[in-house]
Amino acid sequence: MALTWTHKDREEIRVHESLEELSIDLVDYIAEISEASIKEHGAFCIVLSGGSLISLMGKLIEPPYDKIVDWAKWYVFWADERVVAKSHDDSNYKLAKDNLLSKVNVFPRHICSINDTVSAEEAATEYEFAIRQMVRTRTVTASDNSDCPKFDLILLGMGSDGHIASLFPNHPALEVKDDWVTFLTNSPKPPPERITFTLPVINSAANVAIVATGESKANAIHLAIDGSTLPESSLSLPAKLVHPSDGNLVWFMDKPAGSQLDRLNFSE
């Protein structure tokens, strides 16, 4: 059973005994928010990331979720994307399509991916324009507190350096405030060209989940959650800057990733 506690107002920590337990809990969480969002405003606008997150969502294509989730009401976006062809193995779109989206009944027109035939800067501009049009037509809810979209759920992975989406430690992209989507041509991790949601968009979501597994993430998680010596505004640890202004934040992790947390060590 997961060790769960509330860290701050609307911030919850879930430390799981195994990846299997984490996957079940994560999929339950996604299905619950999907159902609630569809009941509330007729759609579920979910934002994906790449990496191991997609495999942890794999149970969505299995019973009972494949039948009980209202896939026709899903609208799918990406928190970040590598500016490569959609057929390229580095593409977050390809990862999600091959392992999830092609196996369920999400309408292709509801999948909002980048234009992979233009530069990173043009891809970011076009992606933001497409999302602004969806906010204008109320497909995507608008935030009450900013001009940003209010996605129902943004799912983020986290690197061992504490990066989320393609927002890396001390990178200028962390300080972009006026754009919803920005671009990188010098990503610290290959490939170098990427687009990414900015922090204001991430922090305007109704729900954000950060999913991290493995011992290599333990120190970054400890600093993000327990690190009182690190200023809340520090650009050196992007995950610490995730604070939904009018939404909920849930951390999903396995025990190795949570092994340095003060609460977990105290409990043991």
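In what follows, every heavy atom counts, from backbone to side chain, and hydrogens, waters and symmetry copies are set aside.
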ask   = side-chain contact (heavy atoms from CB on, under 4.5 Å) between Asn115 and Glu122: does it pass, once the steps are laid out?
value = CA-CA 8 Å; Asn115 182 349; Glu122 291 172 307; over 6 Å; no
message = Please evaluate residues Val211 and Leu22 with respect to the criterion side-chain contact (heavy atoms from CB on, under 4.5 Å), reporting the C-alpha separation (whole Å), side-chain torsions for both, the decisive distance (0.1 Å), and the verdict.
response = CA-CA 9 Å; Val211 184; Leu22 190 161; 4.1 Å; yes
message = Determine whether Glu81 and Lys86 satisfy the following criterion, salt bridge (charged side-chain N to carboxylate O under 4.0 Å, His left out), listing intermediate values before the conclusion.
response = CA-CA 10 Å; Glu81 180 59 284; Lys86 287 187 173 72; over 6 Å; no
request  = Begin from the C-alpha positions of Arg194 and Leu167 and carry the test side-chain contact (heavy atoms from CB on, under 4.5 Å) through to its verdict.
outcome  = CA-CA 10 Å; Arg194 298 166 176 240; Leu167 297 171; over 6 Å; no
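Summarising the local packing, NZ of Lys97 is surrounded by 12 or fewer heavy atoms from other residues, nucleotides or ligands at distances under 6.0 Å. Within 6.0 Å of CZ on Arg10 lie more than 12 heavy atoms contributed by other residues, nucleotides or ligands. More than 12 heavy atoms of other residues, nucleotides or ligands shown are found within 6.0 angstrom of CD on Glu62.
Identified under the salt bridge (Lys or Arg N to Asp or Glu O under 4.0 Å) test for residues 161-186, with sequence neighbours left out: none.
Atoms CG and CG, from Asn92 and Leu48 in turn, are 9.0 Å apart once rounded to the nearest 0.5 Å. A distance of 11.0 Å separates CZ of Arg14 from CE of Met253, quoted to the nearest 0.5 Å. In this structure, CG on Leu199 lies 8.5 Å from CG on Leu235, to the nearest 0.5 angstrom. Note that the OG atom of Ser87 and the CG atom of Asp98 stand 10.0 Å from one another [nearest 0.5 Å]. In this structure, Asp80 CG and His163 NE2 are separated by 7.5 Å, a value rounded to the nearest 0.5 Å.
Using a 30° and 60° split on the angle between ring planes, His110 and Tyr75 fall in the parallel class, below 30°.
The hydrophobic cluster containing Val104 also contains Ile111, counting ILVMFWY residues as joined when their side-chain heavy atoms lie under 4.5 angstrom apart, directly or transitively. Linking ILVMFWY residues whenever their side-chain heavy atoms come closer than 4.5 Å, directly or via other members, places Leu26 and Val242 in the same cluster. Phe168 and Ile154 fall into different hydrophobic clusters, defined by Ile, Leu, Val, Met, Phe, Trp and Tyr side-chain heavy atoms under 4.5 Å apart, directly or through other members. Hydrophobic clustering of Ile, Leu, Val, Met, Phe, Trp and Tyr side chains at less than 4.5 Å, counting indirect connections, keeps Ile24 apart from Leu60. Cluster annotation: Leu174 and Val176 are assigned to distinct hydrophobic clusters (Ile/Leu/Val/Met/Phe/Trp/Tyr, side-chain heavy-atom contacts under 4.5 Å, transitive).
Considering Trp180, Phe151, Phe197 in turn, Phe151 is the only one that fulfils the ring-ring contact (aromatic ring centres under 6.0 Å, His included) rule with Phe77.
The pair Arg82-Asp89 fails the salt-bridge criterion, with no side-chain N (NZ, NE, NH1 or NH2) lying under 4.0 Å from an Asp/Glu carboxylate O.
Asn186 has its side chain out of reach of Pro192: every pair of non-hydrogen atoms, C-beta onward, lies at least 4.5 Å apart.
Between the side chains of Asp28 and Tyr65, at least one donor N or O lies within less than 3.5 Å of an accepting N or O. Checking Ser18 against Glu21 by side-chain atom types alone, no donor-acceptor pair falls below 3.5 Å.
With sequence neighbours excluded, the residues satisfying side chain to side chain contact (heavy atoms under 4.5 Å, CB included) with Ala130 are Cys112.
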